[in-house]
Undergrad: 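Would you mind keeping the following structure in view while I ask a few things?
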4 protein chains.
Amino acid sequence: MTPRIDPEERREEILDAVLRCFARTGYNGTSMDDVVEESGLSKGTLYWHFKNKRELFMAAFDRVMNQMVEPFMQMFEADVPVVERLRLFEQSSKILVSAEQELSTMPLNFLLEIWQDEEFSQHYLDVLGEFANSTREMIREGIENGELREVDVDGVTWGIMALYDGIFLYHLTGFPMKSANVFEVMTNVLIEGLVRRDDK
Amino acid sequence: MTPRIDPEERREEILDAVLRCFARTGYNGTSMDDVVEESGLSKGTLYWHFKNKRELFMAAFDRVMNQMVEPFMQMFEADVPVVERLRLFEQSSKILVSAEQELSTMPLNFLLEIWQDEEFSQHYLDVLGEFANSTREMIREGIENGELREVDVDGVTWGIMALYDGIFLYHLTGFPMKSANVFEVMTNVLIEGLVRRDDK
Amino acid sequence: MTPRIDPEERREEILDAVLRCFARTGYNGTSMDDVVEESGLSKGTLYWHFKNKRELFMAAFDRVMNQMVEPFMQMFEADVPVVERLRLFEQSSKILVSAEQELSTMPLNFLLEIWQDEEFSQHYLDVLGEFANSTREMIREGIENGELREVDVDGVTWGIMALYDGIFLYHLTGFPMKSANVFEVMTNVLIEGLVRRDDK
Amino acid sequence: MTPRIDPEERREEILDAVLRCFARTGYNGTSMDDVVEESGLSKGTLYWHFKNKRELFMAAFDRVMNQMVEPFMQMFEADVPVVERLRLFEQSSKILVSAEQELSTMPLNFLLEIWQDEEFSQHYLDVLGEFANSTREMIREGIENGELREVDVDGVTWGIMALYDGIFLYHLTGFPMKSANVFEVMTNVLIEGLVRRDDK
DNA sequence: CATGAATGAGGTTTCATTCAT
DNA sequence: GATGAATGAAACCTCATTCAT
């Protein structure tokens, strides 16, 4: 038998294996047997720690999502002008792109493979919704203190998120582009397109 | 049994059914039996007209993709200033969003469900690559004739595409936003962020 | 491939195999793989003809049940005094006992293995209910024409059925008794216990 | 963790849980995990007290069987005419029917769920065999002292048992009949069918 | 005595694909 | 061209049993 270890540790061990599998072949492309092989554990053990395949992958998703969202969340609380905070988006995004494959590949891949799954979809919306709230607040603040033009707050909020997620998606798809560069250039365009211009 | 009809017509009939299935349940969620039921044809017939499931869905994808890309392609050739052409992006995008569900749901959904499929992935890259070329040319033209700032052409090119695809993705995901509004606002931000400012 | 045969014939072929398996090891003791082996067909074929294991066994049950109930049903319509008809129970029962193993083993075995299955249970109740109706009618007729004592019709009806099913059950359980003899003796006791006695 | 308690007490505790599980879902429908949950004990504890699932359920069966057989056994020893003793069958049977669900559901259900189990089958036969012996003795006595007709002793013995078990089975199956009434009526029919009539 | 994580064989079901008719 | 029965590998999941702690 495998030597007994802390259940929580075992869970993490399993999630590690899941992430590796998923990065390689995605949700539908990964069988529980694949996870068995990758983890070196038995099928029964997987099902002892997780109810079923979906729960397993949702747990993996959560872990990655939290890791990825964190730098952005910190950014929202930086005590600098809104424009500077926007510029931090660039850095946070670059982190994602440079992060280890298995981490970065997960989230969108995940989102889209489970496209049809109602419950999962809702869960994802919740996470992103929170993110949207923070962004919205930041934009509003920027407008109020005169840093930004008087744009439609909600439109810009979702637009910014879509922009960065879009670039990230393209990155993951393997398009022949320099991802870090695209993040940089577009962050600049975004800021230029949002700042208030006194001369007008 | 079934009266013989023109093979080309039969193919279209099948693709129609495939698209309906796909819009409902995606690639992995659609079995060949589902297509059989939806089309009212037999399994053998499907396999007579298409080599296998992948070919079948790739054909369906191509048909939709062409339909969706067309308005954008026309836009590239409009005989108006670059800035105006950029503004046309907004309109073309809105068409997508308002199009019939089954058409609009396809492409990203598709792309991501077959994520792992080497051959398909390449195919998709080719289509998008062509699109990128047109965009790149347009940006270059804008810079050369002084309409736009001197930005990194390649970065902006992929950035623009990522932005619109990103919004489209969010739209499909069902985020609680006014998609048409987001397209409009972000097109504006994009242009404001790209145009040359004489006063500088 | 197996040469193509009539679907109806194939269904019967499968049911034959199922009955053989079931007679040997019961419902829970029979795996679909067992049926595969016994039938010489593939698993896919089983599932092509029957939705799932339960449907498969329910179909098998129906076939046997009909075969077994038939002689009794004919008996109900015999144009002889009620007492004579009751005596025919004995003969019909003996047929069951002497019938080929696979036929006779089925029904109770069936009933009891699927004990918990709501839908199946109802189905069985329906079949037996019909049987009860015929019995009840017969008893009533016997009382009215003075052949039988004035007993509680419903109680006797279910009692008779329980008696014969009970003996049949004991037979199947393999108790060390001469089943045919028990049927004979008890039929006699039953009739003696039911007939009207003028001298009273 | 759990305070040590008397092993015998612990066994009873487990059997109680088993019986509750069994009454709900039967042998095959009850997993050891179900028993774990129902008992509030651990898997290891169950296996410490019982060799395996079969032993566990056999022990539960024995306990119930003894409880159920007891009133009948007492009846055999009643110091009254055989006909009166037969009439006591009715009362004993009614007890079964009115007993708590979990107790009454067991025996036949049990018998038939483990139908295929050689060892268990034998065990059951032994218990019933003993019962048969007592019945046989009673019938023989009745014939000898002139209370009963000269019937085939063995046939009647098994017939009586089959009758009561049959009614009990029907009761458990949930047939739409008044069980107590059926017991009453059939006991009467049985006695009427067995008693010697001087007028002959 | 007690625990509960670990095991892995075996269960049911799905589904892309083939091919005799 | 068209049909649909047949195939069988592979998917997800269950569960009786073991054993280190």
Side-chain angles (χ1 to χ4, degrees), chain A residues 1-7 9-11 14 28-36 39-54 56, chain B residues 1-7 10 28-36 41-56, chain C residues 1-7 9-11 14 28-36 39-54 56, chain D residues 1-7 10 28-36 41-56:
Chain A
M1 309 279 152
T2 309
R4 210 52 64 86
I5 70 172
D6 179 55
E9 215 172 311
R10 181 52 42 97
R11 264 181 77 99
I14 294 173
N28 282 300
T30 300
S31 73
M32 290 305 272
D33 275 304
D34 292 336
V35 181
V36 164
S39 66
L41 298 167
S42 72
K43 218 176 296 187
T45 300
L46 299 187
Y47 279 92
W48 171 263
H49 289 278
F50 297 91
K51 212 177 92 204
N52 54 33
K53 188 182 176 186
R54 224 195 43 189
L56 178 54
Chain B
M1 299 280 183
T2 312
R4 306 290 163 82
I5 71 171
D6 179 49
R10 179 56 34 107
N28 282 300
T30 300
S31 71
M32 291 302 275
D33 277 303
D34 291 335
V35 180
V36 164
L41 299 169
S42 73
K43 209 84 133 289
T45 300
L46 298 189
Y47 276 90
W48 198 90
H49 287 281
F50 297 90
K51 204 176 110 206
N52 55 32
K53 189 183 177 185
R54 221 192 46 191
E55 300 281 318
L56 177 54
Chain C
M1 308 281 151
T2 310
R4 210 52 64 87
I5 71 172
D6 179 54
E9 214 171 311
R10 180 53 41 97
R11 265 181 75 99
I14 293 173
N28 282 301
T30 300
S31 72
M32 290 304 274
D33 275 303
D34 292 336
V35 181
V36 163
S39 66
L41 298 168
S42 72
K43 219 174 296 185
T45 300
L46 300 186
Y47 279 91
W48 172 263
H49 290 279
F50 298 91
K51 211 177 92 204
N52 52 35
K53 190 181 176 185
R54 223 196 44 190
L56 178 54
Chain D
M1 298 285 185
T2 312
R4 305 292 163 81
I5 70 170
D6 179 50
R10 180 57 34 105
N28 283 299
T30 301
S31 69
M32 291 302 274
D33 278 303
D34 291 335
V35 180
V36 164
L41 299 169
S42 74
K43 208 82 133 295
T45 301
L46 299 188
Y47 277 90
W48 197 89
H49 288 278
F50 297 91
K51 203 176 108 205
N52 55 32
K53 189 181 176 186
R54 221 194 44 194
E55 299 283 319
L56 176 56

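Keep in mind the model is a prediction, meaning the values are calculated, not measured. Letters A, B, ... are given to chains in the order of the sequence lines, protein chains preceding strands, and every chain is numbered from 1.
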Undergrad: I'd like to know if B:K43 reaches the base of E:dT17 with its side chain, counting only an N/O donor and acceptor under 3.5 Å.
TA: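 For B:K43, whose side chain was compared with the base of E:dT17, there is a donor-acceptor pair (under 3.5 Å).
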Undergrad: Using the test side-chain contact (heavy atoms from CB on, under 4.5 Å), find all partners of A:S31 that sit at least two apart in sequence or belong to another chain.
TA: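 A:S31 satisfies side-chain contact (heavy atoms from CB on, under 4.5 Å) with A:D33, A:D34 once adjacent residues are dropped.
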Undergrad: Starting at the 5' end of DNA chain E, what dot-bracket string do you get if Watson-Crick and G-U pairs under 3.5 Å are bracketed, crossing pairs use [ ], other-strand pairs use | and unpaired bases use dots?
TA: .||||||||||||||||||||
Undergrad: How do A:P7 and C:Y47 order along DNA chain E: which one's closest nucleotide is nearer the 5' end?
TA: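 Going by which nucleotide is closer to the 5' end, it is A:P7.
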Undergrad: Nearest heavy atom decides the nucleotide; on that basis, is D:L46 or B:S31 closer to the 5' end of DNA chain E?
TA: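 Its nearest nucleotide being more 5', the pick is D:L46.
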Undergrad: Do the side-chain N or O atoms of C:R10 get closer than 4.0 angstrom to the phosphate oxygens (OP1, OP2) of F:dA6?
TA: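 For F:dA6, OP1/OP2 do have a side-chain N/O of C:R10 under 4.0 Å.
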Undergrad: With a cut-off of less than 4.0 Å, is there a side-chain N or O of D:S42 near OP1 or OP2 of E:dA2?
TA: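 Indeed not, no polar side-chain atom of D:S42 lies that close.
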Undergrad: Both C:H49 and A:M32 contact DNA chain F. Which one's nearest nucleotide lies toward the 5' end?
TA: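 Whichever sits nearer the 5' end wins; that is C:H49.
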Undergrad: Quickly work out the A:K53 NZ to F:dT14 P distance and round it to whole Å.
TA: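 Those two atoms, NZ and P, are 15 Å apart.
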Undergrad: Walk me through whether A:L41 and A:R10 qualify under side chain to side chain contact (heavy atoms under 4.5 Å, CB included).
TA: CA-CA 10 Å; A:L41 298 167; A:R10 181 52 42 97; 3.5 Å; yes
Undergrad: Over how many whole Å does the gap from D:D34 atom CG to F:dT14 atom P extend?
TA: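 Whole-Å distance recorded here is 12 Å.
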Undergrad: How long is the straight-line distance from CE of B:M32 back to NZ of B:K43, given to the nearest 0.5 Å?
TA: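 Here the rounded value is 8.0 Å.
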Undergrad: Base, sugar-phosphate alone, or nothing: which one does C:D33 contact when heavy atoms must sit under 4.0 Å apart?
TA: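 It contacts base atoms.
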Undergrad: Between B:T45 and A:K51, who's closer to the 5' end of DNA chain F by nearest nucleotide?
TA: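 The answer here is B:T45.
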